[in-house]
Amino acid sequence: MKTDDIKVTPKWRKSKDEVWDEIFSDLEEEKPSSKVKHMSFWRYAAAAVIAVVVAGSSFAYLYTTTETAARGTHLAVVLPDGSNVNLNAESQLKYKPYWWFASRNVTLTGEAYFEVKSGSRFSVKSGNNEVRVLGTSFNVFARPEGYRVACLTGKVEVLASGCDRVQLTPNMQAELKNNQLAVNNALDAAQSIGWTQNKFTFIGVPLSDVVKEIERQYDIQVATTSKLDYLYTGNFSKAKEPDEVLEIVGKPFNITFSIKP
Amino acid sequence: MISKAEFKQLFDDYFDTIRRFIFYRCGDTDAASDMAQDVFMKVWEKRESLNNDNLKSLLYKIANDKVISNYRKGESRCDFEQSMTFQDNHSLSPEDEMQYKEVSEKYAKVLEQMPEAQRTVFLMSRNDELKYHEIAGCLDISVKAVEKRMSAALQILRTKLL
């Protein structure tokens with residue numbers, strides 16, 4: 001007997017052909033498994049990217065900054081693109097700082113003077129009314145007493161309650177009266193933003209509105225026994241004390257105002 | 001890119017060789033079968049990025065990785081005794097048969113005790129009748145290293161068997 005004849009011959013449970021039939025014969029060439037893995041990786045990556053983009057943009061869309069000027073104060077706001085907004089007393093401005101690149105929209109209640117950097121459309125919404133501009137300066141008055149837009153430079157489009165629309169050029173003012181926009185051509189627009197320099201000019205304004213304005217500017221409550229159905233024309237400066245201002249306003253009508261403590 | 005036909009050809013040419021190679025290293029038939037299947041499955045999965053040259057050394061390389069990771073798991077048991085065969089089984093006299101049994105048992109024991117690298121080279125040479133330079137090519141080592149392992153294996157067999 002030759003030891004050379006002793007061989008190591010592993011006894012396989014399955015022959016090569018059985019292994020082939022069982023495992024490899026069904027492999028499909030059209031749908032390569034590696035390709036599937038590859039694709040699914042990219043799909044996951046794409047899904048992740050989309051999720052991040054959606055989350056990020058919805059955050060940007062939903063995140064709102066609110067700037068509020070309390071009674072008796074003014075507030076200067078610089079928007080993300082460098083546009084300036086002066087908020088008058090008791091006014092609120094809302095905007096989306098992270099959505100700013102997509103649309104320049106702000107919401108205003110109260111009164112504000114805008115100096116808009118030129119660029120894409122800039123719109124100011126106040127209730128149902130809207131002002132659209134590209135790059136101008138204008139004043140918006142949007143309070144329960146009324147809605148007024150005065151244009152200082154450039155061109156301003158005012159949309160009221162979704163139906164009416166007028167275009168304003170410098171020194172024009174649109175005012176909402178009985179759901180119609182009335183345009184005033186002969187306006188000294190600088191007066192409408194006098195408040196930004198703490199000067200107040202009223203031309204033919206109901207006395208009650210004047211009093212409300214004074215209340216806002218000094219954060220006071222004014223009491224009077226007289227009727228206020230007069231039209232007031234005049235001006236005053238905020239630097240003065242409120243009782244002094246009230247005296248100036250009331251004297252021509254023989255009305256005395258007192259400040260509620 | 002390897003087509004299915006080419007893959008089938010590769011499988012026919014090398015499956016048994018690779019399976020035996022793995023068996024020589026781990027000494028476990030079932031584990032060797034599983035690993036050999038894994039090796040070819042891996043080639044199939046990667047066939048997009050492969051071309052036909054040097055597939056043989058790739059097969060050995062994957063097989064090597066499989067053996068090492070399987071070794072880390074420590075699951076396979078070394079058993080060569082089951083696999084011992086004598087070439088002309090029928091022409092054995094009862095005495096020869098006895099002797100054969102004894103020798104083959106010892107032989108298997110020694111193989112199991114032998115360092116894996118030496119056992120693999122020894123069996124590839126003696127059992128598969130591969131030339132030294134072929135073994136060197138498969139294992140990606142030098143012919144000198146094959147010779148060294150071979151002589152070490154023979155030395156062990158000589159001292160333990162005789």
Side-chain angles (χ1 to χ4, degrees), chain A residues 1-63 96 98-103, chain B residues 1-5 7-8 11-12 14-20 22-24 27-30 32-34 36-38 40-42 44-49 79-89 91-93 95-97 99-100 103-104 107-108 111 119 122-123 126-128 157 161:
Chain A
M1 188 195 87
K2 292 187 294 176
T3 50
D4 267 7
D5 288 338
I6 299 178
K7 284 270 181 185
V8 175
T9 316
K11 294 174 186 67
W12 308 116
R13 280 185 212 273
K14 286 173 203 151
S15 74
K16 180 195 80 187
D17 292 329
E18 283 169 340
V19 170
W20 174 267
D21 289 343
E22 232 169 76
I23 294 163
F24 295 96
S25 60
D26 289 338
L27 292 178
E28 288 287 335
E29 203 151 12
E30 286 72 31
K31 284 246 167 171
S33 53
S34 71
K35 185 121 193 183
V36 168
K37 271 187 187 167
H38 211 61
M39 284 295 290
S40 65
F41 167 76
W42 283 112
R43 244 178 246 168
Y44 283 127
V49 167
I50 289 167
V52 167
V53 167
V54 167
S57 50
S58 51
F59 168 78
Y61 184 72
L62 295 172
Y63 186 85
K96 297 165 178 172
Y98 299 111
W99 197 249
W100 197 252
F101 64 94
S103 68
Chain B
M1 175 75 194
I2 299 171
S3 70
K4 177 121 193 216
F7 179 73
K8 167 78 169 135
F11 184 87
D12 284 342
Y14 289 110
F15 182 75
D16 279 333
T17 320
I18 290 294
R19 181 155 70 166
R20 268 204 311 280
I22 297 172
F23 171 72
Y24 295 158
D28 182 331
T29 49
D30 290 340
S33 284
D34 289 347
Q37 285 168 26
D38 289 349
F40 280 88
M41 196 49 97
K42 190 142 196 185
W44 175 257
E45 280 166 6
K46 286 193 167 176
R47 72 193 187 287
E48 299 270 286
S49 54
D79 182 0
F80 284 93
E81 207 179 317
Q82 305 283 323
S83 308
M84 289 299 162
T85 48
F86 193 75
Q87 277 196 328
D88 330 289
N89 229 346
S91 65
L92 281 180
S93 68
E95 272 163 58
D96 280 351
E97 187 122 21
Q99 202 193 350
Y100 156 71
V103 173
S104 65
Y107 183 32
L111 283 177
R119 177 172 69 226
F122 174 77
L123 287 173
R126 276 303 150 92
N127 228 51
D128 291 356
L157 283 164
L161 271 184

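Residue numbers start from 1 in every chain, and the chains themselves are labelled A, B, ... in the order their sequence lines are given, proteins ahead of strands. Side chains included, hydrogens not; waters and symmetry mates left out as well; all remaining heavy atoms used.
- Aromatic ring pairs are classed by plane angle as parallel below 30°, tilted from 30° to 60° and perpendicular above 60°; the pair A:F24 and B:F40 is perpendicular.
- With rounding to the nearest 0.5 angstrom, the CG atom of B:D16 is 8.0 Å from the CH2 atom of A:W12.
- Using a 4.5 Å heavy-atom threshold, the side chains of A:V8 and B:R20 count as separate.
- Enclosure of atom CZ in A:F59 by more than 12 non-hydrogen atoms of other residues, nucleotides or ligands within 6.0 angstrom is indicated.
- Proximity of a side-chain donor or acceptor of A:K16 to a complementary backbone N or O of B:Y14 within less than 3.5 Å is not detected.
- Within 6.0 Å of atom NZ in B:K8, more than 12 heavy atoms from other residues, nucleotides or ligands are found, so the atom counts as buried in its surroundings.
- Neither the backbone nor the side chain of B:D79 comes within less than 4.5 Å of any heavy atom of chain A.
- Interatomic distance, NZ of A:K14 versus CZ of B:R19, reported as 9.5 Å (0.5 Å rounding).
- Neither the backbone nor the side chain of B:L161 comes within less than 4.5 Å of any heavy atom of chain A.
- A:L27 and B:K4 make their closest contact through O-NZ, 2.7 Å (heavy atoms, listed as atom of the first residue, atom of the second, distance).
- Using a 4.5 Å cut-off between heavy atoms, B:F11 contacts chain A through both its backbone and its side chain.
- No side-chain heavy atom of A:R13 sits less than 4.5 Å from a side-chain heavy atom of B:T29.
- To the nearest 0.5 Å, the span separating CZ on B:F23 from OG1 on A:T9 amounts to 9.0 Å.
- Note on ring orientation: taking the six-membered ring where Trp is involved, the planes of B:F7 and A:W20 are tilted (angle from 30° to 60°).
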